[in-house]
Amino acid sequence: MKKKQIAILGSTGSIGTQALQVIEEQADRYEVYAITANNRVELLIEQARKFQPEVVVIANEAKYEQLRDALADLPIKVYTGAQALCEVVQAEPIDIVLTAMVGFAGLPPTMSAIRARKAIALANKETLVVAGELINELAQQYNVPILPVDSEHSAIFQCLTGEIGNPIEKILLTASGGPFRSCTMEELAHVTKAQALKHPNWAMGAKITIDSASMMNKGFEVIEAKWLFGVRPDQIEVLVHPQSVIHSAVQFEDGAVKAQLGVPDMRLPIQYAFSYPDRLKASFDRLDLFQIRDLTFERPDLERFRCLALAFESLNRGGNMPCIVNAANEVVNRAFLEDQIPFLKMAEVIEQAMGKVSFIQKPTYEDYLATDAETRRVAAELIK
Ligand code: NAD
Ligand code: MG
């Protein structure tokens, strides 16, 4: 069997490193063709020496020489810059591109990979939040599958296998509720970065961990679900489920509800995106329901977790509004991580940005670039 060639955008991150573990365990099926990172050049060098890809890219040009010199003894092509990401994903032998980089920066290389007819294993949810309609049109035009890696969307995708032609009545999108699930408004006003970075169930990159604490992550996942599964916003119900055992569920028109359960381990959804429609034997921990015992559910509180409400609102407004929310969120997320603003200020700035940035009902790709840039300026100004 010919091994599937995989390109990983963001190989040094939380998703990227777990993807490499999957490839290592399934070495008879998958091979690393390209790995890329932004800053963590030492880890990237280590990964390159171990997996011997054809191509390595470091987006940050200041780190290029260090990377090139460290790999000089190997027959590996080394490139740098954001444009190089768009080029390497088009290499002929690549079968699957895993988009595991953070933020709006994932949009251009994802579009480039679709144009080269690569299957997309999509972790970078911001791409769909910003430009879901555009990505869907492009994927349809080039006949390319978008395979979800986000655990909730993988769960929904798994529930939908064997259901072709059976409409979804409702999606039950589960959320852990994050570290501040039971905090009062007064407490939320004073929570710290260190507390926000301690997610109860998942170990993830810093940006998504903060988004989980504010529940903007769940808001983004609602938008992601709309574009992946073609449902209306009112067909998506968010359930706070602190145990993170039910990764999400689908309700069909006969009332049947199918769910996917498991331990919180991103390697399973990553592997399923690679192997779909097959399931591969894997060494991941097994779920022990006797040990878990209780599965509980609460409605999300849209007042305490204003970001979730703003994401729903942006989806209902449509156009470039989700792009505005995403860009403003990238700015406030970083500002909170750098101790520049308190926790609740994040939603405040996003909401103000939604009212200030020019609204476009039918944005083009160029409009998204312009909206992203304008929103970053506006949000930075609002933080000052
Ligand atoms: P991370 O911060 O751990 O890793 C990000 C990776 O992307 C790193 O390799 C980094 O070098 C690279 N990168 C960042 N900015 C870049 C840029 N501008 N140009 C090029 N490369 C860049 O992040 P993560 O937690 O692995 O998340 C990656 C994506 O997957 C995010 O979109 C996130 O929302 C999504 N996701 C993550 C998880 C998770 O469990 N970590 C779960 C679901 C979805
Ligand atoms: Mg998720």
Side-chain angles (χ1 to χ4, degrees), residues 7-21 34-48 56-64 67 79-86 88-89 98-110 120-130 147-157 173-178 197 199 201-212 215-225 228 238 241 244 246-248 260 262 264-270 273 326 329-330 333-334 337 372:
I8 305 178
L9 299 175
S11 65
T12 57
S14 162
I15 294 290
T17 50
Q18 294 180 85
L20 287 172
Q21 289 172 28
I35 51 177
T36 80
N38 197 30
N39 273 315
R40 297 179 62 188
V41 66
E42 255 116 45
L43 180 55
L44 190 62
I45 292 165
E46 199 183 296
Q47 292 176 338
V56 179
V57 181
I58 184 96
N60 182 350
E61 298 181 13
K63 309 268 168 123
Y64 171 67
L67 178 65
Y79 302 117
T80 185
Q83 184 53 34
L85 297 176
C86 293
V88 298
V89 294
L98 171 64
T99 68
M101 47 197 281
V102 187
F104 184 91
L107 178 61
T110 305
I120 306 294
L122 184 131
N124 178 248
K125 67 189 87 189
E126 293 92 338
T127 288
L128 285 184
V129 170
V130 168
L147 303 150
V149 169
D150 210 347
S151 58
E152 296 77 3
H153 305 75
S154 175
I156 295 161
F157 186 55
L173 188 71
T174 53
S176 72
L197 285 171
H199 195 279
N201 305 341
W202 300 91
M204 310 178 286
K207 194 249 176 189
I208 185 176
T209 306
I210 300 302
D211 286 346
S212 300
M215 290 195 77
M216 181 54 93
N217 181 54
K218 208 49 56 179
F220 284 171
E221 291 184 357
V222 169
I223 302 175
E224 189 185 7
L228 283 171
V238 175
H241 165 48
S244 295
I246 298 180
H247 293 316
S248 280
Q260 187 257 335
D265 184 339
M266 287 309 296
R267 290 175 302 174
L268 192 151
I270 293 167
N326 176 71
N329 183 61
E330 288 194 34
N333 182 302
R334 165 153 310 181
L337 275 170
D372 182 70

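Not measured: the values here are computed from a predicted model. We use all heavy atoms of the structure for the numbers below, so side chains are in, but hydrogens, waters and symmetry mates are not. Whatever order the structure lists them in is the order used to number ligands and atoms, beginning at 1.
Taking CD1 of I208 as the reference point, atom CZ of F220 lies at 10.0 Å (rounded to 0.5 Å). Taking CD1 of I58 as the start and OG1 of T36 as the end, the distance is 8.5 Å to the nearest 0.5 Å. In this structure, the separation between CG on D211 and CD on E126 is 7.0 Å, given to the nearest 0.5 Å. Atom OG of S154 sits about 6.5 Å away from atom CG of L268, to the nearest 0.5 Å. Residue L128 holds its CG atom at 11.0 Å from CG of N326, rounded to the nearest 0.5 Å.
The atom name of the N/O/S atom in E221 closest to the Mg ion (ligand 2) is OE2. Of all N/O/S atoms in D150, OD1 sits nearest the Mg ion (ligand 2). Closest approach between the Mg ion (ligand 2) and any N/O/S atom of E152 involves OE1.
Among all non-hydrogen protein atoms, the one lying nearest atom 34 (O) of ligand 1 is K125 CE, 3.3 Å. Of all protein heavy atoms, the one closest to atom 3 (O) of ligand 1 is S14 N, 2.8 Å. Protein heavy atom at the shortest distance from atom 9 (O) of ligand 1 is T12 OG1, 2.6 Å. The nearest protein atom to atom 38 (C) of ligand 1, hydrogens excluded, is given as I15 CD1, 3.5 Å; this is a heavy-atom distance. Of the protein's non-hydrogen atoms, G13 CA, 3.0 Å is the one closest to atom 4 (O) of ligand 1.
Both the backbone and the side chain of M101 come within contact range of ligand 1, each with a heavy atom under 4.0 Å. If you look at S11 next to ligand 1, the close heavy atoms, those under 4.0 Å, all belong to the backbone.
You'll find the side chain of P148 reaches within 4.5 Å of the side chain of L228, heavy atoms only. Side-chain atoms of L197 and H199, non-hydrogen and from C-beta on, never get closer than 4.5 Å to each other.
Atoms of ligand 1 lying under 4.0 Å from any heavy atom of A59, numbered from 1 in the order shown and given with element: 19 (N), 20 (C). Residue contact check: I208 has heavy atoms under 4.0 Å from atoms 25 (O), 33 (C), 34 (O), 36 (N), 37 (C), 38 (C), 42 (C), 43 (C), 44 (C) of ligand 1. Listed by number with element, the atoms of ligand 1 under 4.0 angstrom from any heavy atom of A123 are 30 (O), 32 (O), 35 (C), 36 (N), 44 (C). Less than 4.0 angstrom separates some heavy atom of A105 from each of these atoms of ligand 1: 18 (N).
When the heavy-atom distances from atom 6 (C) of ligand 1 to G16, A100, G106 are ranked, the shortest goes to A100. Nearest to atom 21 (N) of ligand 1 by heavy atom, out of L9, N38, T209, V102, is N38. Taking only non-hydrogen atoms, the option from G10, G205, P269 nearest to atom 25 (O) of ligand 1 is G205. Among E221, H153, E126, the residue whose heavy atom sits closest to atom 32 (O) of ligand 1 is E126.
Not a single heavy atom of R40 sits under 4.0 Å from any atom of ligand 1. Distances from ligand 1 to the non-hydrogen atoms of K207 include no value under 4.0 Å.
Smallest separation of non-hydrogen atoms from T80 and A59: OG1-O, 3.7 Å. Minimum interatomic distance between E330 and F104 (heavy atoms only, all atoms of both residues): OE2-N, 2.8 Å.
A donor-acceptor contact shorter than 3.5 Å links the side chain of T17 to the backbone of S14.
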Verdict with reasoning, K125 to E152, per salt bridge (charged side-chain N to carboxylate O under 4.0 Å, His left out): CA-CA 12 Å; K125 67 189 87 189; E152 296 77 3; 5.5 Å; no
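Tested against I15, the residues N124, I270, I8 include a single side chain to side chain contact (heavy atoms under 4.5 Å, CB included) partner, I270.
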